[in-house]
Visitor: 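The structure follows.
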Amino acid sequence: MNLCRTVSRAAIAAALATALSAAAVHGAAAGPLTDKPRKSTHANQSADDGGWSGDGLTLNASENAAVDAFYDRAREAERTVSPQVRAAARISGADVIGFDYRLKSPDSLKRKVATSLKEHPGQQVNQALAEIKDSVRYTLQWPDGRYTQGVTVASSVLSAWGNDSIKWSNTWARDKGYKAINSAWRAPDSQHAFEVQFHTPASKHAQEVTHKLYEEQRLPGTTPERARELQAQQDAIFAAVPVPAGADRLTAPTD
């Protein structure tokens with residue numbers, strides 16, 4: 001469903017320019033911040049040989065250096081992407097949730113890359129990094145009654161600014177599991193990917209409540225029986241999330 005796709009690119013550009021100016025003023029005072037501190041079963045640390053280890057995972061020196069370089073690119077990209085996302089939020093009437101944690105931390109990136117390398121023997125570090133779309137990430141949220149139009153306007157604005165839609169996962173029609181829209185975009189200047197999740201208050205709450213269940217489910221030591229139990233708990237929580245009218249038919253913007 002593509003409500004408001006008829007909004008002219010000129011009108012979007014004009015509104016975006018106004019909102020972007022206001023967003024940039026607020027953004028200038030807040031430097032890029034990262035994930036909330038995460039408890040770890042093993043201390044994350046740099047090894048003497050330049051590698052990294054944490055949570056039973058490891059990166060060698062060259063892999064660790066590649067992730068550090070990727071993180072530096074993410075920090076640089078965030079400086080131009082954040083004002084655009086905040087502008088899109090202003091134009092579409094969205095609340096920006098968790099803006100202080102819009103940049104994934106180096107340890108989180110290293111944990112994600114190390115996990116991918118462990119799960120895919122023979123994979124190269126640059127291949128693992130290319131799959132990461134959420135090193136810079138945002139959550140926009142609207143009340144149920146304004147969700148469908150809000151998503152349409154916000155995604156149109158991001159597209160009009162020149163960001164390419166590279167992922168659009170709409171799970172509102174699912175019978176079970178996660179409900180929301182997870183989108184990924186490629187910024188025109190930096191060519192760095194960033195994620196924007198589109199939520200309602202209920203779907204965001206369900207995501208937060210099920211996060212620990214999801215993390216336990218992914219642990220290598222979780223038995224199949226326990227994994228099924230954890231999935232059933234998550235399904236029950238998301239089943240209670242109302243689906244906004246038209247949300248299940250929302251699609252990515254097209255030129």
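Remember, it's a predicted structure, so these values are computed and weren't measured experimentally. Residues take their numbers from the sequence shown, with the count starting at 1.
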Visitor: Main chain of Y101, side chain of R137: is a donor-acceptor contact present, judged purely on distance under 3.5 Å?
Guide: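 Checked: pair present.
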Visitor: If we ignore hydrogens and angles and just use 3.5 Å, is the side chain of S183 paired with the main-chain N or O of K167 as donor and acceptor?
Guide: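 No: the side chain of S183 does not pair with the backbone of K167.
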Visitor: Side chain to side chain donor-acceptor pair (under 3.5 Å) for S108 and S105? Distances and angles first, verdict last.
Guide: CA-CA 5 Å; S108 292; S105 71; 3.0 Å; yes
Visitor: Would K110 and E63 pass as an ion pair if we require N to O under 4.0 Å?
Guide: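 No, this pair does not count.
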Visitor: Is the side chain of D144 donor-acceptor paired with the backbone N or O of P244 at a distance under 3.5 Å, no angle test?
Guide: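 No; judged by distance alone, with no hydrogens or angles, the pair does not exist.
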Visitor: Using side-chain heavy atoms (C-beta onward) and a distance below 4.5 Å, is P188 in contact with N163?
Guide: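 Touching, per the 4.5 Å side-chain cut-off.
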Visitor: Is the shortest heavy-atom distance from the side chain of K133 to the side chain of W185 under 4.5 Å?
Guide: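 A side-chain contact is absent here, since even the closest heavy-atom pair is not under 4.5 Å.
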Visitor: With a 4.5 Å limit on heavy-atom distance, are the side chains of L140 and V85 in contact?
Guide: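 They are in side-chain contact.
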Visitor: Please say yes or no: joined through hydrophobic side-chain contacts below 4.5 Å, possibly via intermediate residues, are I181 and I97 part of one cluster?
Guide: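 No, separate clusters.
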Visitor: Test W172 against Y147 for side chain to side chain donor-acceptor pair (under 3.5 Å), laying out the working first.
Guide: CA-CA 12 Å; W172 283 109; Y147 179 84; 2.9 Å; yes
Visitor: Answer yes if V243 and W168 sit in the same cluster of Ile, Leu, Val, Met, Phe, Trp and Tyr residues linked by side chain heavy atoms under 4.5 Å apart, and no otherwise.
Guide: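 They do share one cluster, since a chain of ILVMFWY contacts under 4.5 Å joins V243 to W168.
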Visitor: Any side-chain heavy-atom pair from H199 and Q207 closer than 4.5 angstrom?
Guide: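 The answer is yes, as the side chains (C-beta and beyond) meet within the 4.5 Å cut-off.
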Visitor: May I ask whether F238 and L230 are part of the same hydrophobic cluster, defined by side-chain heavy atoms of I, L, V, M, F, W, Y residues being less than 4.5 angstrom apart, directly or through others?
Guide: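 As far as the 4.5 Å side-chain criterion goes, L230 and F238 are not connected within one cluster.
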Visitor: Would you please say whether a donor-acceptor pair under 3.5 Å links the side chains of W52 and N60?
Guide: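 Result is no, nothing qualifies.
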Visitor: Work out which heavy atom in A154 is nearest to a heavy atom in A88; give both atom names and the distance.
Guide: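 Distance-wise, the nearest heavy atoms are O-CB, 4.0 Å.
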Visitor: Indicate, with yes or no, if the rings of H192 and F70 have centres closer together than 6.0 Å.
Guide: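 Yes.
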Visitor: Using side-chain heavy atoms (C-beta onward) and a distance below 4.5 Å, is L57 in contact with K118?
Guide: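 In contact.
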Visitor: Could you please spell out the steps behind the side-chain contact (heavy atoms from CB on, under 4.5 Å) verdict for R226 and E229?
Guide: CA-CA 5 Å; R226 177 57 177 163; E229 178 183 335; 2.7 Å; yes
Visitor: When you look at E195 and Q197, which way does the side chain to side chain donor-acceptor pair (under 3.5 Å) test go after all the steps?
Guide: CA-CA 7 Å; E195 178 186 79; Q197 295 185 6; 3.1 Å; yes
Visitor: Would you say Y71 and L103 make side-chain contact, with heavy atoms under 4.5 Å?
Guide: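 Yes, side chains in contact.
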Visitor: Salt bridge or not between K212 and E215? Use side-chain N to carboxylate O under 4.0 Å.
Guide: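 Looking at K212 and E215, the cut-off is not met.
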Visitor: If you define the side chain from C-beta out and look only at heavy atoms, does anything of V113 sit under 4.5 Å from V125?
Guide: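 Answer yes - side chains close enough.
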Visitor: Treating Ile, Leu, Val, Met, Phe, Trp and Tyr as nodes and any side-chain heavy-atom pair under 4.5 angstrom as an edge, say whether V96 and W142 lie in one connected cluster.
Guide: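 They do share one cluster, since a chain of ILVMFWY contacts under 4.5 Å joins V96 to W142.
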Visitor: Which atom names give the shortest non-hydrogen contact between R79 and P83, and what distance separates them?
Guide: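 So the minimum-distance heavy-atom pair works out to O-CD, 3.3 Å.
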Visitor: Side chain to side chain donor-acceptor pair (under 3.5 Å) with S116: which of Q123, R111, Q127?
Guide: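 That would be Q123; it is the only one of Q123, R111, Q127 passing the side chain to side chain donor-acceptor pair (under 3.5 Å) with S116.
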Visitor: Can a donor-acceptor pair be found, under 3.5 Å and without considering hydrogens, that links the side chain of T210 to the backbone of L213?
Guide: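 Side chain of T210 to backbone of L213: no pair is present.
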Visitor: Check this for me: does any side-chain nitrogen of one of D248 and R174 sit under 4.0 Å from a carboxylate oxygen of the other?
Guide: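 No salt bridge links D248 with R174.
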Visitor: I'd like to know if the side chain of N170 reaches the main chain of L250, judged simply by a donor and an acceptor atom lying under 3.5 Å from each other, with no hydrogens or angles considered.
Guide: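 Side chain of N170 to backbone of L250, a donor-acceptor pair under 3.5 Å: yes, one is there.
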Visitor: Tell me, do L109 and S135 make a side-chain contact under 4.5 Å, heavy atoms counted?
Guide: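 Of all side-chain heavy-atom pairs linking S135 with L109, at least one is under 4.5 Å.
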Visitor: Return yes if some donor-acceptor pair links the side-chain N/O of D164 with the main-chain N/O of I166 below 3.5 Å, else return no.
Guide: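 Between the backbone of I166 and the side chain of D164 there is no qualifying donor-acceptor contact (under 3.5 Å).
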